[in-house]
Structure formats: C-alpha cells, structure tokens
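So that the names make sense, note that chain A is the first sequence line, chain B the second, and so on, each numbered from 1.
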There are 2 protein chains.
Amino acid sequence: MRPQKVLDNEILDGLSQVFRSKGYNGASLKDLSDATGLKKASLYHRFPNGKKEMADAVLNHIQSWVEERVFFELLNEENSPNIRLKKGLNEIRILYNGGKEICIFRALSLQSGLELFANEINNGMQKWVSTFESLGLSFGLTPTEAKNEATRTLIKIQGSLIVSKGLNNIEVFENALQEIEMTYSKF
Amino acid sequence: MRPQKVLDNEILDGLSQVFRSKGYNGASLKDLSDATGLKKASLYHRFPNGKKEMADAVLNHIQSWVEERVFFELLNEENSPNIRLKKGLNEIRILYNGGKEICIFRALSLQSGLELFANEINNGMQKWVSTFESLGLSFGLTPTEAKNEATRTLIKIQGSLIVSKGLNNIEVFENALQEIEMTYSKF
DNA sequence: ATTATGTTACCGAACGTTTGGTAAAATTGA
DNA sequence: TCAATTTTACCAAACGTTCGGTAACATAAT
C-alpha cells in the first residue's frame with residue numbers, strides 16, 4: 001500500500017499543539033514528529049525549510065482560524081454590536097480553550113537571538129486591535145476612544161491568560177471576558 | 001594574579017538578562033557563559049546543579065528585588081496609599097525598563113515537557129496579588145473588591161507588557177500604569 | 001492495454017553541529 | 001602547602017537537517 005497521506009489539517013493541528021505548549025526552542029523535531037505522526041524526514045518533505053517553516057505555517061493556520069471565526073463574528077454586520085461581541089468572545093473562549101491554552105504569539109515570541117517572528121506577531125496584533133476598534137465604533141465610540149478601548153481589551157485578554165496560567169485558575173480568564181462584555185455593553 | 005572572583009550580583013544580573021531575553025530553552029550555556037564572563041565549568045562550580053539551578057537563582061534574585069523595592073513601597077505604612085502606589089508603580093517601571101523588558105515569569109513559563117517552574121511562578125504571582133490586595137484595603141476597598149482589583153491590576157501589568165512588545169510601542173505599558181494609578185486614586 | 005517515466009508520500013539511517021555536563025589540571029591567595 | 005577558583009579539554013546525547021531509497025499513484029506514449 002502506498003503510504004496514506006496525512007491530512008494537512010492534522011499536521012498543522014499537531015504542530016500547533018507542540019509549538020503552543022513548548023514554544024519554538026522547546027519544540028524538538030522529535031516532538032513535532034510524534035505529534036503529527038510523520039517521521040522527521042517526512043516533515044522535511046512537507047516543510048523543506050524546516051522548523052521555521054513549520055512555525056510559520058502554524059502562525060498562518062491559527063491566524064486564518066482567528067479571522068474566519070473570531071474576527072468574522074466581531075465584524076458580522078448581520079448582528080447587533082452586542083451580539084457580535086458575545087459571539088466573538090465565545091470564539092476567543094474556544095481559541096484559548098477556556099484559558100487553558102496560551103496564545104501562539106506568546107509561544108513564539110521568545111527564541112534565541114534575533115526575533116524570528118517579530119513581524120508576523122506585530123501584524124497579527126495590529127489586526128486584533130483594528131478589529132476591536134471597528135467594534136468600538138459600532139458601539140458609538142469616537143475613533144480615539146475606540147482605539148484605546150481596543151488596546152485595553154487586548155491587554156485584558158493577554159493579561160488574563162498569563163495570570164490564569166500563573167495562578168492556575170481559569171476563572172481569571174473567564175472573568176476578564178465577562179468584564180470585556182460588560183464594558184462594551186455600557187457604551 | 002589570582003583569578004578574580006566575579007561578584008555574585010554581576011553573575012545573577014548576567015544570567016537574568018539572558019534568561020529574560022531568550023527564555024529557558026533559548027538560553028544556552030554558551031550564552032550564560034558569555035554574559036557572566038565565566039567559562040562553562042566555572043558556572044558549574046557556582047551552580048553544581050546546572051542550568052536549572054541558575055534559573056532558580058535568577059528567580060530568587062528578581063523576587064528579592066521585587067520584594068525589597070516594589071512590595072516595600074506598595075506596603076510602606078509611612079506613606080499614604082496614593083504615594084505608596086505612585087512609588088510602587090515607579091519601581092515596576094524600573095523592573096520592566098519602561099516596557100522594554102519582559103517578566104521573568106513569562107520567560108521561564110515555557111519549556112520542554114514538565115512545567116519546571118510552575119510552583120515558583122505560582123508563589124510569586126500570589127505575592128503580587130496579595131500585595132495589591134493589601135493596597136486596595138488601604139484604599140478602603142472591601143476584601144472582595146480588593147482581591148478583584150488586585151487581579152485586574154496584575155492583568156493590566158502583564159497584558160500591557162505583552163501588547164507593548166507585540167505592537168512595538170512602549171506607550172501601551174506606560175498608559176496601563178497610569179490607568180492603574182487613576183483607578184485606585186478614585187477609591 | 002501495456003509500458004515507461006515522473007511524481008508524491010513516506011521512512012531509516014546517517015550527517016555535522018551544538019547541547020548540557022564533567023574530569024583533571026592550572027592558577028591564584030592565604 | 002592548602003583550599004578555592006578558573007580553565008582547558010573533552011564527552012555522550014540530542015539537536016536540526018540531509019540523503020538514499022521504496023512503494024504507490026498519475027500521466028502519456030506506444
């Protein structure tokens with residue numbers, strides 16, 4: 001039998017899991033191989049430029065997910081701002097598994113020497129800001145207020161993920177999401 | 001000349017810098033050797049248990065700094081709550097170099113396999129929470145309010161560090177510190 | 001329909017390098 | 001001389017990466 005092709009999504013999910021839980025340096029080719037079910041050499045067949053290319057693929061994979069799920073709901077003009085926010089926050093809940101998983105930006109932001117993924121992370125975060133900025137405008141905020149509130153929201157999400165993990169208490173994350181919802185709904 | 005003993009503080013500062021900028025896995029013994037001016041084997045003379053012991057020492061080193069500087073100011077009964085907060089936030093500014101440096105917890109929270117520093121990080125964060133909790137009580141908050149506000153404050157600090165770095169804009173960090181000051185001073 | 005050729009998907013084994021770590025010797029001050 | 005400190009030289013293991021090869025499929029000329 002010809003070796004059955006491992007599905008791209010299964011590979012990307014496996015790689016994502018490893019990079020997110022161990023970071024870039026912590027993720028060994030052995031780990032990535034085990035998580036995907038592909039031997040090291042096969043990984044190099046799919047990703048000729050090695051580990052860096054795998055991490056880039058993961059970054060794109062997750063970014064696409066975020067755009068199709070989180071950003072889509074937050075910007076979906078068929079819904080009212082309140083519903084948009086509620087649905088968007090729900091996707092964020094899924095993205096971070098209720099506070100148990102960490103952000104891929106954080107996992108890839110620390111590695112030896114040069115900042116390998118600084119550009120990708122910067123672009124990704126800008127998109128988060130401008131998405132919440134749009135939502136703020138829909139809630140009737142001024143452009144300045146909308147931008148500030150968007151930044152504050154990002155801070156709450158990222159900060160609560162860290163504190164949740166540090167205190168080993170996912171309530172912190174859930175509370176932060178609810179605070180975000182309350183804050184916007186008062187506008 | 002006898003090989004001059006490198007001062008403990010210089011060693012710890014060097015180690016801190018490497019671990020904070022590269023994380024645990026990203027910090028190689030070569031990096032640590034270069035940063036301290038000690039050859040690998042000399043590092044093993046000071047830290048017989050190797051890299052893990054070095055990182056533990058860094059964690060204690062920074063934790064001591066935080067307690068002597070940050071927590072001291074935040075809890076200093078000679079000052080009013082407002083002054084305490086102002087001085088404490090200033091120490092935090094120094095600790096994170098105005099938003100340019102990241103938290104040691106974050107740097108050491110991601111490494112292969114088991115969570116090597118989970119306990120230390122957990123204890124450290126608890127202390128941050130209870131310190132701000134005390135401050136909240138001094139501001140006249142109820143115990144529940146004080147605890148919630150302490151958590152919110154930690155989230156702002158940690159979150160703004162991440163977003164600052166991601167957006168490459170240290171204003172985000174500075175704004176967060178000022179928001180913390182404003183929030184408490186309204187109580 | 002058969003054959004030849006090329007492509008796709010995978011894997012075992014090995015590559016050179018770097019890793020964290022150590023034993024023994026050199027260097028110094030006391 | 002002695003003990004403390006640093007260094008040179010070295011090691012096994014793990015690292016990311018590459019190579020050579022196999023088996024199944026696709027294409028298309030015969």
Side-chain angles (χ1 to χ4, degrees), chain A residues 1-59 61 107-117, chain B residues 1-59 107-108 110-117:
Chain A
M1 268 241 303
R2 173 185 186 170
Q4 187 178 345
K5 176 167 180 169
V6 180
L7 294 179
D8 287 6
N9 277 336
E10 292 177 17
I11 294 183
L12 288 171
D13 287 342
L15 298 179
S16 299
Q17 199 232 341
V18 176
F19 280 121
R20 271 173 84 162
S21 62
K22 304 200 173 186
Y24 185 74
N25 287 296
S28 73
L29 268 284
K30 170 108 177 21
D31 294 329
L32 298 167
S33 167
D34 291 346
T36 53
L38 287 178
K39 299 293 178 184
K40 280 194 280 182
S42 304
L43 281 174
Y44 271 82
H45 173 70
R46 305 291 194 100
F47 305 96
N49 292 330
K51 200 174 164 183
K52 172 67 162 53
E53 190 177 345
M54 298 180 210
D56 280 332
V58 164
L59 222 33
H61 180 57
L108 295 182
S109 69
L110 227 55
Q111 72 295 311
S112 20
L114 31 131
E115 305 276 328
L116 270 182
F117 305 95
Chain B
M1 271 234 306
R2 173 185 186 172
Q4 187 179 346
K5 178 167 179 173
V6 181
L7 294 177
D8 286 5
N9 276 337
E10 293 177 19
I11 294 183
L12 288 171
D13 287 343
L15 297 179
S16 298
Q17 197 231 344
V18 175
F19 280 122
R20 271 172 84 161
S21 62
K22 304 199 172 186
Y24 186 75
N25 287 296
S28 70
L29 287 203
K30 171 111 181 13
D31 296 328
L32 299 166
S33 167
D34 291 347
T36 53
L38 289 177
K39 301 288 178 188
K40 272 193 297 179
S42 303
L43 280 175
Y44 269 84
H45 175 68
R46 308 291 193 98
F47 305 96
N49 291 330
K51 202 173 162 183
K52 173 65 161 55
E53 189 178 345
M54 298 181 210
D56 280 332
V58 164
L59 223 33
L108 295 181
L110 226 57
Q111 72 295 312
S112 21
L114 31 129
E115 307 276 329
L116 270 182
F117 304 96

Choose from [options] the nucleotide whose nearest atom is closest to any side-chain atom of [X].
| X | options | value |
| --- | --- | --- |
| A:Lys40 | D:dT17, C:dT22, C:dT8 | D:dT17 |
| A:Ala41 | C:dT8, C:dG21, C:dC11 | C:dC11 |
| A:Ser28 | D:dC15, C:dC10, D:dT17 | D:dC15 |

Whole angstroms only, please: what is the [atom1]-[atom2] distance between [X] and [N]?
| X | N | atom1 | atom2 | value |
| --- | --- | --- | --- | --- |
| B:Leu38 | C:dG21 | CG | P | 16 Å |
| A:His45 | D:dA23 | NE2 | C1' | 13 Å |
| A:Lys52 | D:dT17 | NZ | P | 12 Å |
| A:Leu29 | C:dC15 | CG | P | 18 Å |
| A:Tyr44 | C:dC15 | OH | C1' | 12 Å |
| B:Lys51 | C:dT22 | NZ | P | 15 Å |
| A:Lys30 | C:dA13 | NZ | P | 16 Å |
| A:Phe47 | D:dG16 | CZ | P | 15 Å |

> Hey, what do you get for OG1 (B:Thr36) to CG (B:Leu15), rounding to the nearest 0.5 Å?
Replying inline: 6.0 Å

> Looking at CG of A:Leu38 and CD1 of A:Ile11, how far apart are the two atoms once the value is rounded to the nearest 0.5 Å?
Replying inline: 4.5 Å

> Would a 4.5 Å heavy-atom cut-off, applied to side chains only, mark A:His61 and A:Asn9 as touching?
Replying inline: yes

> How are the rings of B:Phe117 and B:Tyr24 set relative to one another: parallel (under 30°), tilted (30 to 60°) or perpendicular (over 60°)?
Replying inline: perpendicular

> Closer than 4.0 Å, any side-chain N/O of A:Arg46 to the OP1 or OP2 of C:dT8?
Replying inline: no

> If you count the non-hydrogen atoms of other residues, nucleotides and ligands that lie under 6.0 Å from NZ in A:Lys52, is the total more than 12?
Replying inline: yes

>> With a 3.5 Å cut-off and heavy atoms only, can you find an N or O donor on one side and an acceptor on the other between the side chain of A:Lys39 and the base of C:dG12?
In response: no

>> Within the 4.0 Å heavy-atom criterion, would you say B:Ser42 contacts the bases, only the backbone, or no part of the nucleic acid?
In response: base

